[in-house]
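Report on the structure given below.
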Amino acid sequence: MARRAEEIVTEAVGQFGNSRESIIQILTRVNNELSYVPPEAVSEIAAVTGLTEAEVFSVVSFYSFFSSRPRGRNIIRICSTISCAMAGQGEILQALTDEFGVEPFETTENNRITIETTPCIGLCDQAPAMLVNGEPHVKLTPERACEIVRRLK
Amino acid sequence: MEKKVLLAEEQPEFGAGFLKALTMSPADVVNLMKDSGIRGRGGAGFPVGFKWELASAAVSEVKFVVCNADEGEPGTFKDRVLLENYSERLIEGMAVAGYSIGSSIGIIYLRAEYSYLMPVINKARERMTANGLLGKNIQNTEYTFDVEIRLGAGAYVCGEETALLESLEGKSGLPRNKPPYPVTSGYQDMPTVVNNVETLCAIPHIVLNGAHWYAELGLGECSGTKLFSVSGDVERPGVYELSMGSPLKELLGLAGAVDVQAVQVGGASGRTVSGSDLDQPLSFKGLPPGGSVIVFNNSVEMMGVLENFMEFFVHESCGQCTPCREGLPQLQRAVQDIVSGDVGSMEELKNYFTLTEVMKATSKCGLGQTAANCFVDIVTGFAEFHHENYQSHRRGSDE
Ligand SMILES: Cc1cc2nc3c(=O)[nH]c(=O)nc-3n(C[C@H](O)[C@H](O)[C@H](O)COP(=O)(O)O)c2cc1C
Ligand code: SF4
Ligand code: FES
């Protein structure tokens, strides 16, 4: 069972404090656990930090790791920058979107997977690379990438 | 010349540089950095000793040392390798910086893409604490220092130091106006030194071996060694450490590059060098030594590379100022038009080049000031113009 957004916020505030400079750390916790930042989390963070909801929301919308729309339980971020592109990133993206039937930034119907593209993730020496729930996977082939994603819960 | 210091197999004990610094006066540490000639390794190349001197002269109870671990320039991964293997050296360098400027708080700003490195860095911090190198009254001196790690959340522009400070303050990463500079008014308006991961990792080595030793590591007027991340069409992609000032050709030899059409040096915001021009040195006066080196062999369509870079910049512009926000999509469209042969005339092409000048001169931060470099280099050096319309205009033009 997923925890409620408010609960995650309360726990994160316990660790990072309730000042403005903590909000990216708090948002990261929420975003990682729920795969996105729901409106309740924005309200709760605004309430505990004394910021307006608009101020919190503007931070959510600025950073590309945060999403204000629901995403799948697992987030796949495929590097789309040049070294990965030259190493076959296009075929990997194609294989994943074909197998799981979604376009980039869409979520599968069972809410299991969201596939995103992202700029260089600093693994260019092992291209093509992707992050799966933040963990790096490198030197991918279309088959291996699909296999990794298939195994996710 | 390949010269391993930061990546040497034989490493001085972690903490030894910091312990030695503690026996010196803070001013002497600053002078050591000035004498060594070390300049920032994050791209801009600002002299480290000078930066620390300014921060140490700033009068304030509270000051900060911030490590820029946002490494977002396409094609660079050397800071990742340092964080994976030398986090203790990094924290040690931060402690030296803190000691010399009078700061007791260090913050590592780690890009979200590297959040899987959090445990490694935390462990390094714990080991340093256990060895009495962090905390209150370190080694029974007056000096107190500790570090914390904060995550970014996916924004290239946050590598720009003032955007990074905004992000640390829990805001959107919008670059600030400068001045004031971070050394006088940085994190929470307090004097703040921002340095790159590689810069900070070099510091303990300089303290241990001296300014002269460090200066001599570089070629000619250059100081020290430099890490380069090499990727693309090479046999052995990876991180290489060379004397600062080494020719690009040498680095390419180490990485095993053949049939080179072009090399992107310094990342998407750097320069595109033709395969016939590889003798140039990697240095602050030569090719940008930021660290990213991407090799393209003769089978690569360079205008496709440019499209990839433009897409990157359009995505990453923070949108705060007009030349960058509006200029980049125009250049992106220009690239598509050149590829499809839709650039109507020499006049039109010239206008795009004027736009690149405007962006360079009037953008607020380094992103907008450098984003058009690749457009200029690739369109000038690699684009093919076979469109009839363009041809006729070119013939008719006054050039
Ligand atoms: C758009 C942009 C992105 C940058 N990204 C980084 C980065 O990822 N890492 C870094 O150390 N410096 C980056 N810089 C340079 C920083 O602003 C700053 O000069 C540097 O962190 C200072 O440290 P140094 O003097 O040790 O190099 C970037 C600059 C710009 C304009
Ligand atoms: S130059 Fe671009 S990235 Fe920099 S402040 Fe202006 S809009 Fe933002
Ligand atoms: S280009 Fe893909 S990780 Fe750098």
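The sequence lines fix the lettering, A, B, ..., with proteins before strands; numbering per chain opens at 1.
Residue contact with chain A, scored on non-hydrogen atoms closer than 4.5 Å, involves the backbone of B/Val295 exclusively. With a 4.5 angstrom heavy-atom cutoff, B/Arg111 touches chain A only via side-chain atoms. In this structure, no portion of B/Asp79 lies under 4.5 Å from any heavy atom of chain A. Using a 4.5 Å cut-off between heavy atoms, B/Glu316 touches chain A through its side chain atoms alone. Only the side chain of B/Val300 comes within less than 4.5 Å of a heavy atom of chain A; its backbone N, CA, C and O stay farther away. Heavy atoms of A/Leu131 lying under 4.5 Å from chain B belong exclusively to its side chain. Contact of B/Gln188 with chain A is made through the side chain alone, with heavy-atom distances under 4.5 Å. Neither the backbone nor the side chain of A/Ala87 comes within less than 4.5 Å of any heavy atom in chain B. Heavy atoms closer than 4.5 Å to chain B are found in the side chain of A/Gln126, but not in its backbone.
Within 6.0 Å of atom NE2 in B/His315, 12 or fewer heavy atoms from other residues, nucleotides or ligands are found, so the atom counts as exposed in its surroundings. Around atom CZ of A/Arg151, no more than 12 heavy atoms belonging to other residues, nucleotides or ligands sit under 6.0 Å away. Other residues, nucleotides and ligands place no more than 12 heavy atoms under 6.0 Å from the CZ atom of A/Arg69.
With respect to chain A, the highest number of heavy-atom pairs below 4.5 Å among B/Tyr114, B/Tyr116, B/Phe312 belongs to B/Tyr116. Comparing B/Pro237, B/Ser172, B/Pro74, B/Ala155 by how many heavy-atom pairs each has under 4.5 Å with chain A, the most go to B/Ser172. When A/Asn31, A/Thr81, A/Ile82 are compared by the number of non-hydrogen pairs under 4.5 Å with chain B, A/Ile82 comes out ahead. Ranked by heavy-atom pairs shorter than 4.5 Å toward chain A, the options B/Ser229, B/Gly238, B/Gly319, B/Gly173 are led by B/Gly173. Heavy-atom pairs under 4.5 Å with chain B were tallied for A/Ser80, A/Ser83, A/Ser61; the largest tally goes to A/Ser83.
Summarising the geometry of A/Val59 relative to B/Gly170, their closest heavy-atom pair is CG2-O, 3.5 Å, with the distance given to 0.1 Å.
Atom CG of B/Leu151 sits about 12.0 Å away from atom CG of A/Leu27, to the nearest 0.5 Å. To the nearest 0.5 angstrom, B/Glu311 atom CD is 7.5 Å from A/Thr117 atom OG1. Between atom OG of residue B/Ser115 and atom CG of residue A/Asn32 there is a gap of 6.5 Å, rounded to the nearest 0.5 Å. Taking NZ from B/Lys171 and OG from A/Ser58, the interatomic distance works out to 11.0 Å, rounded to the nearest 0.5 Å. The line from CD of B/Glu71 to SG of A/Cys120 is 8.0 Å long, rounded to the nearest 0.5 Å. The distance from the CD atom of B/Glu169 to the CD1 atom of A/Ile23 is 11.5 Å, given to the nearest 0.5 Å.
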Could you walk me through whether A/Tyr63 and B/Ser167 pass the side chain to side chain donor-acceptor pair (under 3.5 Å) test, one step at a time? CA-CA 10 Å; A/Tyr63 293 95; B/Ser167 182; 2.9 Å; yes
Take A/Met86 and B/Phe296 through the test side chain to side chain contact (heavy atoms under 4.5 Å, CB included) and record every step on the way to the result. CA-CA 9 Å; A/Met86 292 199 300; B/Phe296 308 107; 3.5 Å; yes
Apply side chain to side chain contact (heavy atoms under 4.5 Å, CB included) to A/Phe62 and B/Leu174, showing your working. CA-CA 9 Å; A/Phe62 183 84; B/Leu174 304 177; 3.8 Å; yes
Under the side chain to side chain contact (heavy atoms under 4.5 Å, CB included) criterion, do B/Phe77 and A/Leu123 qualify, and how do the steps go? CA-CA 6 Å; B/Phe77 44 87; A/Leu123 293 161; over 6 Å; no
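Within the 4.5 Å cutoff, no side-chain heavy atoms of B/Tyr156 are placed close to those of A/Pro119. Residues A/Glu21 and B/Arg150 meet the side-chain proximity criterion, which asks for heavy atoms closer than 4.5 Å. Two residues are said to be in side-chain contact when any heavy atoms from C-beta on lie closer than 4.5 Å; B/Arg80 and A/Asp125 meet this criterion.
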